[in-house]
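Worksheet: the structure to be examined is printed underneath.
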Amino acid sequence: MKLRRNRSLLLIDIAVPRDIEPEVNFMENVYLYNIDDLQAIADDYLRQRKEKSPGANRSFVKRRRGCWAT
């Protein structure tokens, strides 16, 4: 890590079983994610989009009605 001059290192381990030891995440400026972490992030973003979609849909319907009214 000394050669990296304190630049961050992002590691994504998609192997099953895992190829990278989880302990590397405790090293300074090293960030380790595995496929389960990425799935959790994707699930969270999907949940957020679903929570916002009803309001967006109502706005779309309202604007669509306005277009047809003229």
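Since this is a predicted model, take the numbers as computed values, not measurements.
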message: Given Tyr33, which partner from the list Leu11, Asn25, Asp13, Leu10 fulfils the side chain to side chain contact (heavy atoms under 4.5 Å, CB included) test?
response: Leu10
Throw together a table of side-chain donor-acceptor distances under 3.5 angstrom for residues 14-23, partners on residues two or more places apart or in other chains.
{"residue": "Arg18", "atom": "NH1", "partner": "Ala15", "partner atom": "O", "Å": "2.8"}
{"residue": "Arg18", "atom": "NH2", "partner": "Asp36", "partner atom": "OD2", "Å": "2.7"}

task: Rounded to the nearest 0.5 Å, what's the gap from CE on Met27 to CG on Leu9? Could you check?
output: 8.5 Å
task: Would you sort out whether Asn34 and Ile12 count as a side-chain contact (heavy atoms from CB on, under 4.5 Å), showing the intermediate values?
output: CA-CA 5 Å; Asn34 62 40; Ile12 302 174; over 6 Å; no
Pairs meeting criterion salt bridge (Lys or Arg N to Asp or Glu O under 4.0 Å) with involvement of residues 37-48, two or more places apart: Asp44-Arg47, Arg47-Glu51
task: Return the set of residues passing salt bridge (Lys or Arg N to Asp or Glu O under 4.0 Å) with Arg49 (not counting sequence neighbours), or none when no residue passes.
output: none
